[in-house]
*Asks:* 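Here you go, one structure.
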Amino acid sequence: MSDSGRLWPLVGRAAELDDLEQLLTEATEGGGAAVLLEGEAGVGRTSLVAALASGAGLLGIEVRTDRGALEGGRAADEQGGARVPARLVVLEDVHLWGAADLEALADVARDGMRPGALVVLTLRPVPHRPEVAAVVTAWTRAGARHLEVRPLPGAAATELAEEILGASIGPALRGAVSTAGGNPQLVVDVVTTARDVGALQAAEGGVDAVVPGWRGAVERRVRERLDYVDDEVLDLLGVASVLGVSFVVLDLAAVADRPVADVWRTLRHALAAGLVHARGDRLVFRHDVVRAALYGGLDAGARAGLHARAAAALREAGAPLAVVATHVERSR
Ligand SMILES: Nc1ncnc2c1ncn2[C@@H]1O[C@H](COP(=O)(O)OP(=O)(O)O)[C@@H](O)[C@H]1O
Ligand SMILES: [Mg+2]
């Protein structure tokens, strides 16, 4: 692991990095290009652009990461007709920028692409802000590509865990890693928490998490990671966590005692954040560990009350008796 705590090379990102490097070559040898690099929190946008930037550095391509990098517009680049140097401009976490900077960033898109430059903007789709949407619209009209950074496949997530620990991992830890839903940040959180609280022991040619009771520490860590999500969304997902990893939206509305349309309005943000995904009228938590963290964060009284409401709603909806009984039991 490097000093920054980042792992090199990146696990499971060869294809994404190839695409970006190809785009960098085309852009810097020609009329320029731009990419909007999107994805859920912790999915690895910063890691990917850092890898791209280090590759660019090796090729002698100037790397700029300051907000002033595009100042002066395209006219400044073409001043005097001199050939512009190849550049990679990386502007990170645009969704967090202030309104004035965002307006400027939307404005420079109207000049079109910069010859010799690849502009990479990284962003997260939530919380929704109109100024951010305006930037995305302006750059899309200018011809920017969208690149969605997806969660790591299961095998890559395991590989990442094993890289961090420098050992192969046993079934219990493997199971815990799979609750991260392929989100590298959550994989790092699960594995480093297990290590730091002393839950790991040598097992069959590797290590495993055999000391019980460490999941609570992981859940606390994950709740901190959810800080960026609006309270209203977190509250509703907390209610949903009582219903399980997948739940029917009608049932959630009943337990939350809110109109279905209202619940959908809030869930839109959870969907955009990549915290849940939709399967027809069901929603599924994308990361089991997030559901567990939200459930663990409910206070005992509220949790019991929600289980009682869930029991009533599910009984009414004709759910199997055993399911209803589980909720009744947990409501005590
Ligand atoms: N492909 C990867 N291989 C190894 N570690 C990764 C990978 N992607 C992300 N990470 C690690 O996961 C954490 C979050 O990644 P980061 O790039 O900061 O995510 P984002 O910028 O999308 O929020 C960091 O600790 C990073 O080192
Ligand atoms: Mg980042």
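Computed from heavy atoms alone, side chains included, the values below leave out hydrogens, waters and symmetry copies. These numbers were taken from a predicted model, which means no experiment stands behind them. Just follow the structure's listing: the first ligand is 1, and inside any ligand the first atom is 1.
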*Asks:* Would you tell me whether Glu162 and Ser168 have side-chain atoms, one donor and one acceptor, within less than 3.5 Å of each other?
*Replies:*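 No, no side-chain donor-acceptor contact under 3.5 Å.
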*Asks:* Please determine, by modelled atom types, if Thr46 and Glu92 share a side-chain donor-acceptor pair under 3.5 angstrom.
*Replies:* yes
*Asks:* Does the side chain of Asp208 come under 3.5 Å of the side chain of Gln201 through a donor N or O and an acceptor N or O?
*Replies:* no
*Asks:* Would Val188 count as being in polar contact with ligand 1, using the rule that some N or O on each side must be under 3.5 angstrom apart?
*Replies:*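 In fact, backbone or side chain, Val188 has no N or O that close.
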*Asks:* Which option wins on minimum heavy-atom distance to atom 25 (O) of ligand 1: Glu163, Gln185, Arg45?
*Replies:* Gln185
*Asks:* When you check the gap from the basic side-chain N to the acidic O, do Asp288 and Arg291 get nearer than 4.0 Å?
*Replies:* no
*Asks:* Closer than 2.8 Å to the Mg ion (ligand 2), what protein N/O/S atoms do you find?
*Replies:*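 Result, waters dropped: Thr46 OG1.
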*Asks:* Name the one of Val197, Val190, Thr192, Val191 that satisfies side chain to side chain contact (heavy atoms under 4.5 Å, CB included) with Val218?
*Replies:* Val190
*Asks:* Given Gly12, Ala51, Pro184, identify the one with the heavy atom nearest to atom 11 (C) of ligand 1.
*Replies:*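 Shortest heavy-atom distance from atom 11 (C) of ligand 1: Pro184.
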*Asks:* Filter on ring pair (Phe, Tyr, Trp, His ring centres under 6.0 Å), then keep only pairs touching residues 273-324, sequence neighbours left out; what's left?
*Replies:*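 Counting only pairs at least two positions apart or across chains, the ring pair (Phe, Tyr, Trp, His ring centres under 6.0 Å) contacts touching residues 273-324 are Phe247-Phe285, Tyr295-His307, His307-His327.
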*Asks:* According to the side-chain hydrogen bond (donor to acceptor under 3.5 Å, both in side chains) rule, which pairs have a member within residues 123-140, sequence neighbours left out?
*Replies:*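 Sorted result for residues 123-140: Arg129-Glu131, Thr140-His146.
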*Asks:* Heavy-atom contacts under 4.0 Å between Arg13 and ligand 1: side chain, backbone, both, or neither?
*Replies:* side chain
*Asks:* When you measure from the heavy atoms of Gly42 to every atom of ligand 1, does any distance fall below 4.0 Å?
*Replies:*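 Judged by the 4.0 Å heavy-atom criterion, Gly42 does count as contacting ligand 1.
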*Asks:* With a heavy-atom distance limit of 4.0 Å, tell me whether Leu160 approaches ligand 1 through its side chain, its backbone, both, or neither.
*Replies:*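 Under 4.0 Å from ligand 1, Leu160 contributes side-chain atoms alone.
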*Asks:* Polar-atom distance check: Leu152 versus ligand 1, any N or O pair below 3.5 Å?
*Replies:* no
*Asks:* For Arg64, I'd like to know if atom CZ has over 12 heavy atoms of other residues, nucleotides or ligands within 6.0 Å.
*Replies:*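 Counting other residues, nucleotides and ligands, CZ of Arg64 exceeds 12 neighbours.
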*Asks:* Ignoring hydrogens and angles, write down the donor-acceptor pairs under 3.5 Å from the side chains of residues 222-233, residues two or more places apart or on other chains.
*Replies:*
unit_1: Arg223; atom_1: NH1; unit_2: Ala293; atom_2: O; d: 2.8
unit_1: Arg225; atom_1: NE; unit_2: Asp189; atom_2: OD2; d: 2.8
unit_1: Arg225; atom_1: NH2; unit_2: Asp189; atom_2: OD1; d: 3.0
unit_1: Glu232; atom_1: OE2; unit_2: Thr266; atom_2: OG1; d: 3.0

